[in-house]
Amino acid sequence: MNIDTLAGLENMVILDRMNKLDKEDPLLPFALDEWLCARTGEGGPAICHLWRQPQSFVMGLRDSRLPGTPEAARWLESQGYRVAVRNSGGAAVPLDPGVVNISLILPKPAVDSFQFHGDFEKMYALIATAVASTGWAVDKGEIAGAYCPGDFDLSINGLKFCGIAQRRQTRAFVIQAFVIVEGSGQARTRLVRQFYDRAASGADPANYPLVTDDSTASLAEIIDLGAGAAAAFAEEVKAVVRERQTDAGMAAAASTLRMPSEAELAETVAMLRSRYGIKR
């Protein structure tokens, strides 16, 4: 791993929302990322947003267009899941308190910069460094049969535990990772397959992933992380960021950081729901 991959974290603010678990709208953290990304593009600081979500099911844009998605969404809601469509890339992902989500919000080096692989590498480096203290190495590359598949699936011993997506604005971007830290990878995989059984009936198989049970596991199933694994993993991520912060960078961040008001955040949530919502 290139030692310079994690450069640029000198003024990165840590926004820890790990314990915001009160039946939160599943679009709220995505709206917060969207709003903060615009501020970063205007000269605000880089941000590492750590968050978890109560029982929710978040689809990608392609999932939302499958012929049976409205019926599948109603089925998920009957099972107690809050359902939403996110504006970043990737496919369907179940979220719950055992999944730690990481958003890296960073300015673009130039407005016309489209070299996103380096941005994905930064997230990979952050997570691999956070896991390194366990003695395990993290691999990258698509895992066959995993949900939300992609070139930057992160895995250990051939089992996916993390997926990475992106959202790019004119002057800044967000790299988002879901990290399955606690609980059963197979149980989550089965839920996603049940969703596609309903949503993708009659659809071209090229338009959705074919999900299998033996593809995915939580970090706690692969590595003995002990009690409180989700919180412990988040602390490791924060430690990696803090090691790279500088006094000058944090002073600059403090002078430019602004958080949205409740009204601004609600407006962004409403915009995302209107623009990317499921047509029922």
Side-chain angles (χ1 to χ4, degrees), residues 15 17-18 20-21 23-38 40-41 47-66 68-70 72-74 76-77 81-106 116 119-120 123 146-154 160 162-170 172-180 188-189 191-192 195-196 199-200 207-209 211 216 260 264-280:
L15 176 59
R17 297 178 60 258
M18 285 282 291
K20 296 286 187 180
L21 291 171
K23 293 194 178 300
E24 186 171 88
D25 186 325
L27 277 180
L28 193 147
F30 297 96
L32 183 56
D33 281 355
E34 184 78 359
W35 194 93
L36 289 171
C37 187
T40 297
I47 295 172
C48 176
H49 177 198
L50 291 157
W51 54 279
R52 293 186 293 170
Q53 181 68 26
Q55 186 168 291
S56 301
F57 194 94
V58 180
M59 304 176 200
L61 292 174
R62 181 176 287 189
D63 299 320
S64 70
R65 297 170 182 147
L66 291 169
T69 291
R74 288 189 289 271
L76 285 164
E77 289 164 350
Y81 288 86
R82 302 196 71 175
V83 179
V85 181
R86 69 177 182 271
N87 61 338
S88 52
V93 173
L95 299 180
D96 57 65
V99 179
V100 176
N101 299 277
I102 308 169
S103 301
L104 295 182
I105 305 173
L106 293 155
F116 60 85
D119 308 328
F120 278 41
M123 180 67 84
Y147 60 80
C148 196
D151 292 342
F152 277 82
D153 287 349
L154 303 190
K160 177 174 177 174
C162 172
I164 302 175
Q166 64 162 330
R167 165 67 176 163
R168 302 184 80 79
Q169 296 184 3
T170 303
F173 61 90
V174 187
I175 301 296
Q176 295 169 334
F178 69 88
V179 185
I180 309 168
R188 294 182 176 99
T189 299
L191 177 70
V192 175
F195 163 74
Y196 284 121
N207 290 332
Y208 62 95
V211 179
T216 305
E264 288 170 322
L265 193 53
E267 182 180 355
T268 308
V269 168
M271 179 273 291
L272 293 181
R273 181 160 284 117
S274 172
R275 186 172 297 176
Y276 303 103
I278 301 166
K279 306 303 181 188
R280 307 209 190 195

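Heavy-atom basis, side chains included; hydrogens, waters and symmetry copies ignored.
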What residues form a salt bridge (Lys or Arg N to Asp or Glu O under 4.0 Å) with Asp153, not counting sequence neighbours?
Lys160

Mind telling me whether Tyr81 and Phe57 have parallel, tilted or perpendicular rings, with 30° and 60° as the class edges?
perpendicular

Determine the minimum heavy-atom distance between Gly60 and Val85, stating which atoms define it.
O-CG1, 3.9 Å

Value rounded to 0.5 Å, distance of CE in Met59 from CD1 in Ile278:
3.5 Å

Quick one, Tyr196 and Pro209 - any side-chain contact, counting heavy atoms below 4.5 Å?
yes

On a heavy-atom basis, the closest approach of Gly90 and Cys148 is CA-SG, 3.8 Å

Taking the side chain as everything from C-beta on, heavy atoms only, tell me whether Tyr147 gets closer than 4.5 Å to Arg188.
yes

Atom pair CZ/CG of Phe173 and Leu106 - distance to nearest 0.5 Å:
4.5 Å

Can you check whether Pro94 reaches Val192 side chain to side chain, under 4.5 Å on heavy atoms?
yes

Identify the heavy atoms of Arg62 and Asn207 that sit nearest to each other, and give their distance.
CD-O, 3.1 Å

Just jot down the side-chain contact (heavy atoms from CB on, under 4.5 Å) partners of Ala84, sequence neighbours excluded, or say none.
Pro26, Leu27

Asp25 CG to Phe30 CZ distance, which is reported to the nearest 0.5 Å:
10.5 Å

Please tell me if the side chains of Leu36 and Leu15 come closer than 4.5 Å, counting only heavy atoms from C-beta onward.
yes

In terms of side-chain heavy atoms, does Asp119 have a donor or acceptor partner in Gln166 at a distance below 3.5 Å?
no

Separation between CH2 (Trp51) and CD (Glu24), nearest 0.5 Å, reads 8.5 Å

Residues which pass side-chain hydrogen bond (donor to acceptor under 3.5 Å, both in side chains) with Arg65, listed by chain and number, not counting sequence neighbours:
none

Got a list of side-chain donor-acceptor pairs under 3.5 Å for residues 265-272, not counting sequence neighbours?
residue	atom	partner	partner atom	Å
Thr268	OG1	Glu264	O	2.9

Would you give the length of the straight line joining atom OG1 of Thr189 to atom CD1 of Ile180, rounded to the nearest 0.5 angstrom?
7.0 Å

Contacts of Arg52 meeting salt bridge (Lys or Arg N to Asp or Glu O under 4.0 Å) (sequence neighbours excluded), chain-then-number -> none

Would you give the length of the straight line joining atom CD1 of Ile105 to atom CD of Glu34, rounded to the nearest 0.5 angstrom?
9.5 Å

4.5 Å side-chain heavy-atom contact, Val100 and Met18
yes

Search all heavy atoms of Ala165 against all heavy atoms of Phe120 and return the closest pair with its distance.
C-CZ, 4.1 Å

Look at the side chain of Thr69 and the backbone N and O of Asp63, then say whether any donor-acceptor pair between them is shorter than 3.5 Å.
yes

Is there side-chain contact between Gln176 and His49, with at least one heavy-atom pair below 4.5 Å?
no

Identify, with sequence neighbours excluded, every residue that meets side-chain hydrogen bond (donor to acceptor under 3.5 Å, both in side chains) alongside Asn101.
none

Go through the steps to decide whether Arg275 and Asn87 satisfy the test side-chain contact (heavy atoms from CB on, under 4.5 Å), and finish with yes or no.
CA-CA 9 Å; Arg275 186 172 297 176; Asn87 61 338; over 6 Å; no

Does Pro29 reach the side chain of Arg17, with side-chain heavy atoms less than 4.5 Å apart?
yes

Ignoring hydrogens and geometry, is there a side-chain-to-backbone donor-acceptor pair from Arg86 to Ala91 under 3.5 Å?
yes

Close side-chain approach of Leu76 and Leu191, heavy atoms under 4.5 Å
yes

Using the side-chain contact (heavy atoms from CB on, under 4.5 Å) rule, take Cys48 and Ile102 through it: C-alpha gap first, then chi angles, then the decisive distance, then the call.
CA-CA 7 Å; Cys48 176; Ile102 308 169; 4.1 Å; yes

Can you name the closest pair of heavy atoms from Val83 and Ala73 and give their distance?
CG2-O, 4.0 Å

